[in-house]
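Throughout, a chain's letter reflects where its sequence line sits, starting with A, and its residues are numbered from 1.
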Number of protein chains: 2
Amino acid sequence: MTLAPRRPGTPRGRDAVRKGGRTRAAILVAAEKVFSEGGYRAASVASIAEAAGVSQQGLLYHFPSKEALLLNLLAERDRPADDADATGLAVLDELSSQFSSSMQAPELLRLLTIIVSEALAEDHPAHLYVRNRSADVHADLVERLGRGVADGQIRPDADLDIDVVLIRALINGLSVEWLFNQDFDAVAAFDRFLRLLRDGLQPPQ
Amino acid sequence: MTLAPRRPGTPRGRDAVRKGGRTRAAILVAAEKVFSEGGYRAASVASIAEAAGVSQQGLLYHFPSKEALLLNLLAERDRPADDADATGLAVLDELSSQFSSSMQAPELLRLLTIIVSEALAEDHPAHLYVRNRSADVHADLVERLGRGVADGQIRPDADLDIDVVLIRALINGLSVEWLFNQDFDAVAAFDRFLRLLRDGLQPPQ
DNA sequence: GTCTATATGTGGATAGAC
DNA sequence: GTCTATCCACATATAGAC
C-alpha cells in the first residue's frame, strides 16, 4: 500500500515497517512456531520458510543463517517483564502472576523451555544466551528479595541464593511438566510452593 | 579368551557375556556418552560407533536403528532404585539421598535430563517412554507418601498430587541448573526444599 | 527482495563380502 | 560378527537471475 517510490535498502519511516517489514515479521512468527515444536536442531530452515510463505532463500536474505534467526528470535521475544519491580516478599506474588501469564503464550513458553535444556550443550547457538539470561534473572531476584531483609520482612539468616535457585528451577521444571501434560494446575502447584517458601522466609514471630 | 567353540547366535552361559557380549556393552557405554552430550538428535550413529571402536555397520548389527539403540540404553540404565521402599515422611529423606546419588553419575544424569525435554516432541523416540516413566514415578511417590496420612504423620488435607509434582519438577529443574553450572550445592538446595515441604506436610500440633 | 539452481556436507540405513 | 561400499534423503548455505 505504499504509493511513494522507495529505494531498496532504505529504512522506511512508517509504523508498519518500523521493525523490519512484513516478511521479516512473518518469518519470526513462523520460526517461533517451528522452533517451539522440537527446538533448534529438529527444525529446518526450509520448514520455517514454508510456514512463513517464502522460499528458503527468501528467508536467508533477512537472516543470514539459522543460528542468527534463533538469536534474533530470542532477543525479540524473550523480553524481560518491564513491570517487574516488586521488592521483598511481594516478589513472590509478582512471580506467581508472571508464571500465570507465561502460560497464556504456550508456544513461547515451549520455545524457551526446550531451548534451555537443548542449550546445555556448549556448542549450541543459544548456550551463552541462556547462561547470561539465567544469571541476570538470578541476580535481579536476589537483589529485589534482599530488600525485604533490610526492612525486617525477611529473616536475616535467609539464604536467598539458594531460594532463588529453587524458584528458577521450579519454574523450569513445572513448565516441562505442564507442557507434557496439561491436565494439572501448574499455577496452583507454583502457588503452593510460594506459600511454603514464604513461611520459610518470614522471621520467627 | 573363550577357547571352546561356539555357534554364532547361541546364547552364551558365562558371566562376562550374560547380557549380550563385549561389543554390545561397549556400544552402550559409548551411546551413553554421546547421547548425554546433546541428546538424541545431535548424536550420530557414526560418532557412537567410533567411540565404541566399531564401524557404523558393526553397531547396526547389534541395534537395528538409532532409535532402538536409545530405547535399549534407557531400558538398561534408567533402572528404578530397587531399595525405594520408604513410606510417609521418610520418603523425603530417601529422595534426598537418591538425588545425591544421581549426581555421582553426571553422565547418566545429563542423558536422562536432556532426554526429558527433548522428548516433549510427540515424534521423539522416547516420548512415550518418558511419559510412562513419569507417571509411574508419580504414582509410586503419591502412594508411599500417602501411607503417612493413614498413620497421622502427614496432615489429612494434604494434596499429595500437587506436592509430588513439585518434587519431580524440582528434581528436573535443579538437575538442569546444576548441569549448567556446577558451582552451587544442588543437594543443599533440594534439602532446603524438602524441609519447607516437611513443615507444610506435618499436622498442626 | 525474492526467486531458481546448485554446491557441499552429513545423516541413517541396506547389500553383500569375508 | 564385523567389515567396505553404496544409496538416498535431507540439511545449510551460496551464486546469480529477475
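A salt bridge is defined here as a Lys NZ or Arg NE, NH1 or NH2 lying under 4.0 Å from an Asp or Glu carboxylate O, and A:Arg144 with A:Asp140 meets this definition. Using a cutoff of 4.0 Å between basic side-chain nitrogens and carboxylate oxygens, A:Arg192 and B:Asp159 are not scored as salt-bridged.
A:Leu59 has its CG atom 16 Å from the C1' atom of C:dT4, to the nearest Å. Taking atom CZ of B:Phe35 as the reference point, atom P of C:dG11 lies 13 Å away to the nearest angstrom. Atom-to-atom, CD of B:Glu50 to C1' of D:dT4 comes out at 17 Å; the value is rounded to the nearest Å. For the pair B:Phe63 CZ and D:dT2 P, the interatomic distance rounds to 11 Å; values are reported in whole Å. Atoms CD1 (A:Ile48) and P (D:dA11) sit 11 Å apart, rounded to a whole Å.
Using a 4.0 Å cut-off, some side-chain N or O of B:Tyr61 falls inside it from OP1 or OP2 of D:dG1. An OP1 or OP2 oxygen of D:dT2 is reached within less than 4.0 angstrom by no side-chain nitrogen or oxygen of B:Ser55.
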For residues 81-90 of chain B, dump all side-chain donor-acceptor pairs below 3.5 Å to protein atoms at least two apart in sequence or in another chain.
none

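With no hydrogens or angles considered, no side-chain donor-acceptor pair links A:Ser100 and A:Ser97 at under 3.5 Å. Checking A:His124 against A:Glu118 by side-chain atom types alone, a donor-acceptor pair falls below 3.5 Å.
Picking from D:dC3, C:dG12, D:dT2 the nucleotide with the shortest atom distance to the side chain of B:Ser44 gives C:dG12.
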If you restrict it to nitrogen or oxygen atoms, what contacts under 3.5 Å exist between nucleotides 13-15 of chain D and the protein, and what is each distance?
from	atom 1	to	atom 2	distance (Å)
D:dA13	OP2	A:Lys66	N	3.0
D:dA13	N7	A:Gln56	OE1	3.2
D:dA13	N6	A:Gln57	NE2	3.2
D:dT14	O4	A:Gln57	NE2	3.4

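Contacts of B:Ala43 with the nucleic acid, taken as non-hydrogen atoms under 4.0 Å apart, involve only primed sugar atoms and P, OP1 or OP2.
The ring-ring contact (aromatic ring centres under 6.0 Å, His included) analysis of residues 70-96 of chain A, with sequence neighbours excluded, yields no pairs.
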